[in-house]
Amino acid sequence: VERVIDAELALQTGQIDASMEYSDGTRATTRILFDLGMPGETAKVAISTTYQSGEQIRTTEHVMIGAQVWERVDGGNWQEVNNVEGGWGQVQVFLPQIARVAEPQRESDDRPGDLRWYDSGRNADILLQVDPESGVPAQMRQVSRDTDDVLTITYTGWNSPIQIDPPAI
């Protein structure tokens, strides 16, 4: 647990892929590329979200560079929009935030990188798979006890270089 806390605190760049599977068959996928920058540097975040309900599909993209934010829907033109939440706010919601977990439990000695806990605020069971040596998260799976909705978050490129450019307008 301490290694996961340290890995989260040291996070600066990476890619997060999230998939939400709703019990009614609706699906949402999100890809976040981010470079939070070192102190004094500009944070950069690119987010692409696709919602699928039946045969309807909608894709929304955001690029955030510092306080500038652009958005486009379904491949249309980029528009500058107001920044509701900074780069860190966009990223942290997808992190395990293990430091806030009261009692994470190791799955078993056979799987030392698996941690489980119950999140009462979401009424969900959570499984976090981490590299047991580094503490870097690999995947988190959250299953709602109320609805059976499943959120799967995959972490790749943890602190690897990420390139995010302003959109060509």
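Every value quoted in this text rests on a predicted model; they were computed, and no experiment measured them. Along the sequence shown, residues carry numbers from 1.
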Between Ile5 and Glu8, does a side-chain contact (heavy atoms from CB on, under 4.5 Å) hold up when you go through it step by step? CA-CA 5 Å; Ile5 292 170; Glu8 284 189 72; 5.7 Å; no
side-chain contact (heavy atoms from CB on, under 4.5 Å) between His62 and Val69, intermediate numbers included: CA-CA 7 Å; His62 290 91; Val69 181; 4.3 Å; yes
So which heavy atom on [X] is nearest to which on [Y], and how close?
X      : Y      : result
Gln12  : Gly37  : OE1-O, 2.6 Å
Gly87  : Val45  : CA-CG2, 3.6 Å
Leu151 : Ala18  : CD1-CB, 4.3 Å
Gln142 : Ala124 : CG-CB, 3.6 Å
Ala7   : Ser134 : CB-O, 4.3 Å

Which residues satisfy the side-chain hydrogen bond (donor to acceptor under 3.5 Å, both in side chains) test with [X], sequence neighbours excluded?
X      : result
Arg122 : Asp119
Thr42  : none
Arg31  : Asp17

Could you check if a side-chain atom of Thr60 sits within less than 4.5 angstrom of a side-chain atom of Glu71, using non-hydrogen atoms only?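 The answer is yes; the side chains approach within 4.5 Å.
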Is any side-chain heavy atom of Val73 closer than 4.5 Å to a side-chain heavy atom of Arg58?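 Side-chain contact under 4.5 Å: yes.
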Return each pair, listed once, that meets salt bridge (Lys or Arg N to Asp or Glu O under 4.0 Å) where at least one residue sits in residues 33-47; pairs must be two or more places apart or across chains.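 Qualifying pairs, neighbours excluded: none.
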Can you hop from [X] to [Y] via hydrophobic side chains spaced under 4.5 Å?
X      : Y      : answer
Val150 : Leu115 : no
Ile126 : Met20  : yes
Val1   : Val130 : yes
Trp117 : Val143 : no

Using residues 46-56 as the side-chain source, report each donor-acceptor pair under 3.5 Å to any protein atom, sequence neighbours left out, with the distance given to one decimal.
from	atom 1	to	atom 2	distance (Å)
Thr49	OG1	Thr30	OG1	3.2
Thr50	OG1	Thr59	OG1	3.2

If you count heavy atoms of other groups shown closer than 6.0 angstrom to CG of Asn77, is the number above 12?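 No.
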Residues that Glu61 engages under salt bridge (charged side-chain N to carboxylate O under 4.0 Å, His left out), provided they are two or more places apart: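 By the salt bridge (charged side-chain N to carboxylate O under 4.0 Å, His left out) rule, Glu61 matches Arg72.
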Return the set of residues passing salt bridge (charged side-chain N to carboxylate O under 4.0 Å, His left out) with Glu80 (not counting sequence neighbours), or none when no residue passes.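 Not a single residue meets the salt bridge (charged side-chain N to carboxylate O under 4.0 Å, His left out) criterion with Glu80.
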Could you pull out all residues at least two apart from [X] that satisfy side-chain contact (heavy atoms from CB on, under 4.5 Å)?
X      : result
Asp146 : Asn123, Ser144
Asp24  : Tyr22, Thr26
Arg3   : none

Roughly how far, to the nearest 0.5 Å, is OG1 of Thr29 from CD of Glu21?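 These two atoms lie 9.0 Å from each other.
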Are Arg145 and Asp125 close enough for a salt bridge, meaning some N to O gap below 4.0 Å?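 Judged by the 4.0 Å cut-off on N to carboxylate O distance, Arg145 and Asp125 do form a salt bridge.
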Listed pairs under 3.5 Å, donor-acceptor, residues 92-100 side chains, sequence neighbours left out:
from	atom 1	to	atom 2	distance (Å)
Gln92	OE1	Trp88	NE1	3.0
Gln97	OE1	Arg100	NH1	2.8
Gln97	NE2	Gln92	O	2.6

Could you tell me whether the side chain of Gln105 and the main chain of Glu103 form a donor-acceptor pair under 3.5 Å?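 It does hold such a pair.
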Applying side-chain hydrogen bond (donor to acceptor under 3.5 Å, both in side chains) as the test, list every pair that has at least one member in residues 152-162; sequence neighbours left out.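 The answer is Gln139-Thr154.
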